[in-house]
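Both backbone and side-chain heavy atoms feed into the values below; hydrogens, waters and symmetry mates do not. Every chain is numbered from 1, with letters handed out A, B, ... down the list of sequences.
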There are 2 protein chains.
Amino acid sequence: MTDSRSRCGECPTRRFCLARDLDASGLDRLSALLAPPIQLSRGDYLYRFGDRTSALHLVRSGAFKTLTVTADGEEHVTGFHFPGEIFGLTGFTTGVHEDTAMALDTSSVCRVHVDELPGLWGAGCDVAFLRLLGEKESAATRLRILLSEPRAASRLAVFLLQLAERQRRLGRTTDVLYLPVSRTDLANHLGMTLEALSRVISRLSRAGLLAMERMEVRVLRQAELETLAGSR
Amino acid sequence: MTDSRSRCGECPTRRFCLARDLDASGLDRLSALLAPPIQLSRGDYLYRFGDRTSALHLVRSGAFKTLTVTADGEEHVTGFHFPGEIFGLTGFTTGVHEDTAMALDTSSVCRVHVDELPGLWGAGCDVAFLRLLGEKESAATRLRILLSEPRAASRLAVFLLQLAERQRRLGRTTDVLYLPVSRTDLANHLGMTLEALSRVISRLSRAGLLAMERMEVRVLRQAELETLAGSR
DNA sequence: CGTTGGATTGACGACCCTCAATCTGGGTGG
DNA sequence: CCACCCAGATTGAGGGTCGTCAATCCAACG
C-alpha cells in the first residue's frame with residue numbers, strides 16, 4: 001500500500017504510459033489525480049460487452065485480451081494488450097462497451113475516467129496521450145497487414161516479430177516472448193483455425209526456428225523468421 | 001469564400017465531426033480557431049510517408065485512402081476514409097507520418113494542429129473527440145474481423161455492408177454506395193488478389209446481388225449479401 | 001483410474017494464389 | 001478518323017494451402 005504521492009513514481013510502466021514525459025513532481029500530481037490501479041487475476045473480466053463506458057484503460061502490468069461477438073454469433077479475439085497500451089475506446093461510440101476485456105494473467109490496469117481527461121491534459125500528459133493513440137493506430141495497421149498475409153506461417157512469423165518489437169520497447173529481452181494465450185485464442189486472433197496454427201507451430205518447431213510453451217515463446221532463429229514473414 | 005464566422009455552420013459534415021455537439025455560437029468559435037479546410041483533387045497527396053506530423057486530419061467531403069509500404073517493399077492500402085472520419089494519427093508515434101494519404105476524388109479536409117487541441121478541448125469538442133476515436137477503433141476492429149474471414153465473397157460482402165452502414169450514418173442512401181476506388185486498391189485493402197476480387201464481383205453480378213462501376217456500387221439484394229457475409 | 005479439455009495429426013475437398021492470355025476502354029498520334 | 005497503345009479488368013488452367021471433419025494423443029484433475 002504505497003500512498004498516492006509515490007504510486008506513479010514507483011510504477012514499472014511509467015515511461016510507457018500517459019506519465020511518459022513527467023518528472024518526479026509531475027508523477028506525484030498524476031498519482032493524486034487518478035484512482036489506484038485495479039488488480040486482476042487470470043480470467044477476471046475487466047468489463048463486459050454492454051457495460052456502460054465511462055473510462056479508458058491503460059495496462060500497468062500483465063496482459064489482457066479483448067473479444068467481440070459478431071451478429072452471427074462468432075467470437076473474435078480483437079486484440080492482446082501489454083503494459084503501456086491503451087484500450088477500451090470503442091465504447092465511446094455508443095456509451096456502452098462493444099467488446100469484453102479479460103486478464104490473461106495476474107495483471108493491473110489504470111482506469112482514467114472521461115471527467116479526469118481535461119485535468120490530465122493540463123498535467124503534461126497531452127503529448128503522451130496523442131502518442132499512445134498513434135501507437136494504437138500503428139499497431140492496428142500492422143495487424144491489418146498481418147491479416148492480409150495469405151500464408152499461415154507468414155502470419156505467425158509477423159505476429160511474433162511484432163510481439164518481440166513490443167517487448168523490446170518495454171526494455172525486455174526479445175528472445176523469450178511473454179504470451180499467456182491459448183492456442184485457440186491465438187488462432188482466432190490470427191484469422192486461422194486451431195489446426196492450421198498447430199500445424200505451423202509443429203513445422204517451425206521441428207525446423208528449430210522457435211519453441212512455444214503455454215506462457216512463452218522462444219525465438220531461436222530470428223533471421224529465418226523474418227524471411228518467412230516477408231515471403232508471400 | 002465564406003468568412004470564418006460561418007464556415008463550420010455551413011459545413012455539410014458538421015454533425016459528424018468534432019463540431020457534432022456544438023450550437024451556432026460554438027460553430028462560430030470553432031471556425032475562428034481552425035484554419036480553413038484544404039481542397040484537393042483526385043490523386044493529390046495530403047501528406048506522404050516521412051513528412052513531419054504536426055496535425056491530425058478530419059475528412060470534410062470526398063474520400064481518401066491511406067497506404068503504407070512494408071519493410072519488404074509491399075504496398076498496403078490501410079484504409080479508406082469518408083466524411084466525419086479522423087485519420088493520420090500514426091505519425092504521432094515518431095513525429096513523422098508512417099503512411100501516405102491521397103484524395104480519391106475531389107475532396108476537402110480539416111487539419112487540426114496539435115497546438116490547437118487544448119483549445120478544442122475547452123470549446124466543447126472533448127466528447128466528440130473521444131467519440132471519433134471510439135468510432136475509429138470500432139472501424140478498425142470490424143475490419144480486422146472482416147480480414148479473418150477466409151472466403152473472398154464473405155470479405156467483399158462484409159466490406160460492402162460496412163460501407164452501407166457508414167453511408168447510412170451520414171444520412172445517405174444505402175442502395176447506391178459511393179466508392180471511388182480502383183479494383184487494385186480494393187483487392188489490396190481486402191487482403192486478396194486482383195483476380196480473386198474480379199472473379200467474386202463477376203459471380204455476384206451475374207447472380208444479380210450487386211452492380212459495381214468505377215465510382216459506385218449498387219446493392220440489389222441486401223438480404224442475400226448479408227447471408228454471404230455470415231456464411232463461413 | 002476415468003474423465004475432460006486442449007492440442008496434435010491425418011485425409012479430403014474447396015478455395016485461392018500464381019502465372020498467363022485475352023479483353024476492354026480511353027487516350028494519343030499519325 | 002482510325003489505328004495503335006496502354007493500363008486496368010476479365011477469364012482460364014494448374015497447383016498449393018488451408019478449412020473441414022474426424023480420430024488420436026496428452027496432461028491435469030477429481
Side-chain angles (χ1 to χ4, degrees), chain A residues 42-43 65 67 72 74-77 102 104-105 145-159 179-207 209-217 228-232, chain B residues 42-43 65 67 72 74-77 102 104-105 145-159 179-207 209-217 228-232:
Chain A
R42 174 186 170 83
K65 73 172 176 183
L67 52 94
D72 53 324
E74 291 296 309
E75 189 171 302
H76 283 268
V77 176
M102 179 190 281
L104 291 168
D105 197 356
I145 293 173
L146 182 163
L147 286 172
S148 52
E149 206 67 51
R151 300 177 60 212
S154 300
R155 288 220 280 276
L156 178 63
V158 172
F159 176 80
L179 188 63
V181 171
S182 70
R183 288 277 193 283
T184 307
D185 280 349
L186 184 57
N188 183 311
H189 184 60
L190 297 182
M192 53 179 123
T193 58
L194 178 60
E195 298 93 319
L197 176 61
S198 182
R199 272 183 247 269
V200 170
I201 292 176
S202 297
R203 184 150 38 96
L204 296 189
S205 296
R206 266 196 300 276
L209 295 196
L210 51 83
M212 287 187 77
E213 292 166 27
R214 172 165 292 283
M215 281 254 171
E216 54 185 41
V217 186
L228 252 183
S231 69
R232 239 147 339 298
Chain B
R42 174 185 170 83
K65 71 172 176 184
L67 51 94
D72 53 325
E74 292 296 310
E75 188 172 304
H76 283 268
V77 177
M102 179 189 282
L104 291 169
D105 197 355
I145 293 174
L146 183 163
L147 286 172
S148 51
E149 205 68 48
R151 299 178 62 213
S154 300
R155 289 220 280 276
L156 178 63
V158 173
F159 176 79
L179 188 63
V181 171
S182 70
R183 288 279 193 281
T184 307
D185 280 350
L186 184 57
N188 182 312
H189 184 60
L190 297 182
M192 53 179 126
T193 58
L194 178 59
E195 298 93 320
L197 176 61
S198 184
R199 272 182 247 270
V200 170
I201 292 175
S202 298
R203 184 148 39 96
L204 297 189
S205 296
R206 265 196 301 276
L209 296 196
L210 51 84
M212 288 188 77
E213 291 167 26
R214 172 166 291 283
M215 281 254 171
E216 56 185 39
V217 186
L228 252 183
S231 70
R232 243 146 329 296

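Using a distance-only test at 3.5 Å, with no hydrogens or angles considered, no donor-acceptor pair links the side chain of Ser198(B) to the main chain of Leu194(B). No donor-acceptor pair under 3.5 Å is formed between the side chain of Ser154(B) and the backbone N or O of Ala229(B).
Per the geometry, CG belonging to Leu186(B) stands 11 Å off P belonging to dT10(D), to the nearest Å. Rounding to whole angstrom units, CG of residue Leu190(B) and P of dC17(C) are separated by 11 Å. Spacing between atom CG of Asp185(B) and atom C1' of dA9(D) amounts to 14 Å, rounded to whole angstrom units.
Taken from CG in Leu190(A) to CG in Leu147(A), the straight-line distance is 7.0 Å, to the nearest 0.5 Å. A distance of 9.5 Å separates CE of Met212(A) from CG of Leu204(A), quoted to the nearest 0.5 Å.
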Return the polar atom pairs (N/O with N/O) between nucleotides 23-30 of chain D and the protein under 3.5 Å, or none.
none

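Side-chain contact between Phe159(B) and Val217(B): absent, with no pair of heavy atoms (C-beta onward) separated by less than 4.5 Å. Counting only heavy atoms from C-beta outward, the side chains of Val181(A) and Val77(A) never approach each other to under 4.5 Å. Between Met102(A) and Leu67(A), the closest side-chain pair of non-hydrogen atoms is not below 4.5 Å.
Residues satisfying the side chain to side chain donor-acceptor pair (under 3.5 Å) test with Glu75(A), not counting sequence neighbours, are none.
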*In the 5'-to-3' direction, what one-character label does each nucleotide of nucleotides 5-15 of chain C receive under the scheme B = base within less than 4.0 Å of a protein heavy atom, S = sugar-phosphate only, - = no such atom?*
--SBBBB----

